[in-house]
Protein chains: 2
Amino acid sequence: MEEIDRAIVAALTADGRLSYTDLAEKVGLSVSAVHQRVRRLEQRGVINGYTARVSFEALDLPLTAFVAIRPFDPSQPDDAPVRLAHLPEIDSCYSVAGEDFYLLLVRVAGPLDLERVLQEIRTSANVTTRTTVVLSTPYEHRPPKVALDPAGPHRVRGASAESAGSQPG
Amino acid sequence: MEEIDRAIVAALTADGRLSYTDLAEKVGLSVSAVHQRVRRLEQRGVINGYTARVSFEALDLPLTAFVAIRPFDPSQPDDAPVRLAHLPEIDSCYSVAGEDFYLLLVRVAGPLDLERVLQEIRTSANVTTRTTVVLSTPYEHRPPKVALDPAGPHRVRGASAESAGSQPG
DNA sequence: AGTGAAATCGTGGCCCC
DNA sequence: GGGGCCACGATTTCACT
């Protein structure tokens, strides 16, 4: 039953432009039924949207780096994410536990751009930076093992199907 | 001219299922012309493919962590990426400069799963791990500022296509 | 929830500019 | 490289189950 939803999500993560016709064939249902299920997956928020995957090399952004940041003055209000949002070189911003406050993923054209972006990060958010350069990317954005909650991300009650439950306490 | 390619890539990263009709309207070209340009962008490798964006919360993978790994015995051959590829919880694997050898992005259902995955990483690749838990994600996978090379990443005149990027020296 | 059919619209090849 | 045309296929809705 929801086996089919898993198959649909897996197929659409592999190829986001799959037609409903092809999708229907893959999962062994009629076109209408598949269409209906996709609509439900979208409005439940399981599928958030669709994007084209771009080659960062082709976009002249061959250099990737992780930048861990820490406020220069920890007593100041911490709004680094919004202060940094204007920098297009920042792909992602994670708030993390541990010694650092945030971990940024940045993509630039080369070392000189990285230097410039680091300076902009430091001055924009009043932080210190610790940078880890990515040398190569064996794999990235692999499709997750799809294990659907029966009714989406709602109801915080029961533990889920797999792996005996995320944190009981 | 290539201003239009930038607009196309930007539009398709924002919505990968945009029809050529809508795309044509957005960039102010005919449907045929847009179709032609998208085909070229695809075969030049600027656009690698299309995927559905899924909510990891909805997929019951609410816990994200970065795992830095380092070989237990640095004299052994280093094939950690292939030894770890079978673990579906690993979203991405980056080879990095710095103290660690690789940085992994993992997504799991909760702390207990994280513990299990860390054990599997250590035993599968014979490495030590240092884990940074993600508390929240202010933003992720933002569309890059699109700056197209005139003819894609091809022919760098002697150097190979990859990493021949822009360090003017 | 799934099916099949029907109207609408998008797609993908061709030819002309 | 852009525009327009046209046959085919995909999308989307509806009545039925």
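A, B, ... follow the sequence lines: proteins, then strands. Residue 1 opens every chain. Values below: all heavy atoms of this structure, side chains included; hydrogens, waters and symmetry mates excluded.
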Nucleotide [N], atom [atom2] - distance to [atom1] of [X] in whole Å:
| X | N | atom1 | atom2 | result |
| --- | --- | --- | --- | --- |
| D5(A) | dG2(C) | CG | C1' | 14 Å |
| L29(B) | dC17(C) | CG | P | 20 Å |
| K26(A) | dA10(D) | NZ | C1' | 17 Å |
| Y20(A) | dT3(C) | OH | C1' | 18 Å |
| L18(A) | dT11(D) | CG | P | 10 Å |
| R17(A) | dG9(D) | CZ | P | 19 Å |
| E3(A) | dA1(C) | CD | C1' | 17 Å |

Whether R142(B) side chain and I90(A) backbone form a donor-acceptor pair below 3.5 Å: yes
For A58(A), is there any backbone N or O sitting under 3.5 Å from a side-chain donor or acceptor partner on R44(B)? no
Can you check whether T21(B) has a side-chain N or O nearer than 4.0 Å to OP1 or OP2 of dT11(C)?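 Looking at the OP1 and OP2 atoms of dT11(C), one of them is under 4.0 Å from a side-chain N or O of T21(B).
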H35(B) side chain N/O closer than 4.0 Å to the phosphate oxygens (OP1, OP2) of dG12(C)?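 Checking dG12(C) against H35(B), a side-chain N or O does come within under 4.0 Å of OP1 or OP2.
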Mind running a 4.0 Å heavy-atom check of residues 8-15 of chain B against DNA chain C and sending the residues that fall below it, in number order?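 Hits under 4.0 Å, by residue number: none.
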Comparing nearest nucleotides in DNA chain C, the 5'-proximal residue of the pair Q36(A), D22(B) is Q36(A)
Looking at [X] and [Y], does any basic side-chain N land under 4.0 Å from a carboxylate oxygen?
| X | Y | answer |
| --- | --- | --- |
| R6(B) | E3(B) | yes |
| E99(B) | R130(B) | no |
| E140(B) | R107(B) | yes |

Least distance between heavy atoms, P71(B) atom then P74(B) atom: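 Shortest heavy-atom contact: CG-CA, 4.1 Å.
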Minimum heavy-atom distance between T131(B) and A65(B), given as atom pair plus value: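 Nearest heavy atoms, T131(B) then A65(B): CG2-CB, 4.0 Å.
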Can you figure out which of [options] approaches the side chain of [X] most closely?
| X | options | result |
| --- | --- | --- |
| S19(B) | dA1(C), dT11(D), dG10(C) | dG10(C) |
| S32(A) | dG10(C), dG4(C), dG13(C) | dG4(C) |
| R40(B) | dC14(D), dG2(D), dG1(D) | dG1(D) |
| A33(A) | dG1(D), dG2(C), dG10(C) | dG2(C) |
| R37(A) | dA1(C), dT11(C), dT12(D) | dA1(C) |

